[in-house]
Amino acid sequence: GLWDTGSGRVLRPEPEHTMFVHRQVQGGRTGSGLCARVEPAASAAGVMRPHRRPRSEHAPSWSGSLRRHAMHADPVVIGFDCAEPTLELLEREMNARPLFHVVADDGATHTMWAGTRAPQLMEAFRSVHAAMVLEVHHRLEGVAHGGAALAMFVPFAQVRARASLALVSAEGRDALRARGPSSCTRPEAIGAGEPGSALVCAADADPHAAWHRLPVPDGFVEAVASVASGVVRWHAGPVADAGAVAALVRGTGAAAALLLPDPELGALRALSASGAQLPAASTWFEPRFRSGLCMAEATEVATTIPE
């Protein structure tokens, strides 16, 4: 369930098994999936496999949330292979009258339905033997210790994997330069890293001479391994322009920023299945589902939810 003001808790369990269908539209891109409570047994059975390590700095936040609300409202985003019959079930659910339809302050439109075909959906999910955690890996810590997590299950067909911006130390930047000659690139040409190269911004140099392409392995996983020792922080999310990257480098005290090639989803899934894990925050995914939708107070959202 979404709200239970009587008990003082934001989330409450439904009396019967219920799956909620959520759709988000932002910037012309639509993402949809199933919202459901994930029990510890799912984590123990290896159904939810991570592909990167969790961010340890979030530990106090997620532990406190688990104690106060008994379940996390910031959803774990899980990708899974969705067969055509399952997609059809989701489409049928979204043709019904929604629980609510809200346009958030950031322009994202959220619509949610209470699934009326829970038995059929659960039967469809029996064929999903393994899925990959895309976002919010730190929430799995609570599940592993006997708690429960709110999860958004998203078909892999909707997902695009992206590389985070790697902020490196001076030693890491110099180690890259020592590997071979670089080619200068105009700042206007900033974009996703190209196969076999990483775009580097040296914040202490002249802007027009600071951008170079340095050689790295073609594959994202291999590229991460080649630079991991020099990375001081991963910055997830889209990069607006060259000026924003340079400002980020200066603001964090890093010596350079690396734009690595975007990972292939198949490579990440293979890595996850093998049990290996990438550094925390080294990847991110589109669509970006908003956190905290279920944390809103009922009195605050009542004016935006139709009768």
Side-chain angles (χ1 to χ4, degrees), residues 29 31-34 36 38 40-56 75-87 124-141 143-144 149 151-166 168 176 191-199 215-231 233-238 258-289:
R29 179 155 189 172
S32 58
L34 281 171
V38 176
S43 178
V47 175
M48 303 182 300
R49 294 175 174 171
H51 76 279
R52 67 181 189 225
R53 295 186 291 274
R55 297 178 65 171
S56 58
V76 180
V77 182
I78 300 174
F80 72 102
D81 281 319
C82 191
E84 193 64 33
T86 307
L87 286 174
F125 267 76
R126 293 185 191 279
S127 62
V128 179
H129 300 293
M132 188 177 78
V133 179
L134 305 179
E135 297 289 354
V136 201
H137 285 70
H138 54 271
R139 295 301 187 197
L140 295 181
E141 294 290 314
V143 176
M152 172 78 76
F153 291 88
V154 183
F156 275 127
Q158 295 184 16
V159 174
R160 180 184 179 188
R162 305 297 298 269
S164 294
L165 185 70
V168 302
L176 280 174
E194 297 176 355
S197 69
L199 188 62
V216 296
D218 286 345
F220 171 76
V221 174
E222 294 76 16
V224 169
S226 71
V227 303
S229 60
V231 176
R233 176 184 163 191
W234 292 93
H235 177 77
L258 306 181
L259 283 171
L260 300 179
D262 285 337
E264 293 184 357
L265 191 57
L268 295 182
R269 294 182 63 184
L271 177 139
S272 174
S274 72
Q277 294 183 27
L278 292 167
S282 56
T283 60
W284 59 282
F285 297 85
E286 294 175 339
R288 304 289 290 174
F289 287 97

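These numbers were taken from a predicted model, which means no experiment stands behind them.
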Main-chain N/O of Arg162 paired to Thr283 side chain as donor or acceptor, under 3.5 Å: no
Exam field: side chain Ser272 to backbone Arg49, donor-acceptor pair closer than 3.5 Å: yes
Minimal non-hydrogen separation, Ala223 against Pro217, with atom names: CB-O, 3.8 Å
Distance (rounded to the nearest 0.5 Å) between Phe80 CZ and Leu34 CG: 6.0 Å
Under 3.5 Å: donor-acceptor pair, side chain of Gln277, backbone of Pro50: no
4.5 Å side-chain heavy-atom contact, Pro279 and Val231: no
Pro287 to Gln158 - nearest heavy-atom pair and separation: CD-O, 3.4 Å
Interatomic distance, Leu258 atom CG to Ser197 atom OG [nearest 0.5 angstrom]: 11.0 Å
His51 (side chain) donor-acceptor with Arg269 (main chain) under 3.5 angstrom: no
Atom of Ala131, atom of Gly79 and distance for their closest heavy-atom approach: CB-O, 3.2 Å
Side chain Trp284, main chain Ala163, donor-acceptor under 3.5 Å: yes
Spatial distance of atom CG (Leu260) from atom CH2 (Trp234) [nearest 0.5 Å]: 5.0 Å
Student check: side-chain heavy atoms of Leu176 and Val216 closer than 4.5 Å: yes
Interatomic spacing from CG in Leu278 to CG in Leu268 - rounded to 0.5 Å: 6.5 Å
Met152 side chain near Glu135 side chain, heavy-atom distance below 4.5 Å: no
Separation of Asp81 CG from Met132 CE (nearest 0.5 Å): 10.5 Å
Least distance between heavy atoms, Ser32 atom then Pro155 atom: O-CD, 3.6 Å
Spacing of CG belonging to Leu134 relative to CZ belonging to Arg288, to within rounding of 0.5 Å: 10.0 Å
Positive for side-chain contact (heavy atoms from CB on, under 4.5 Å) with Phe285, one of Val77, Val154, Leu265: Leu265
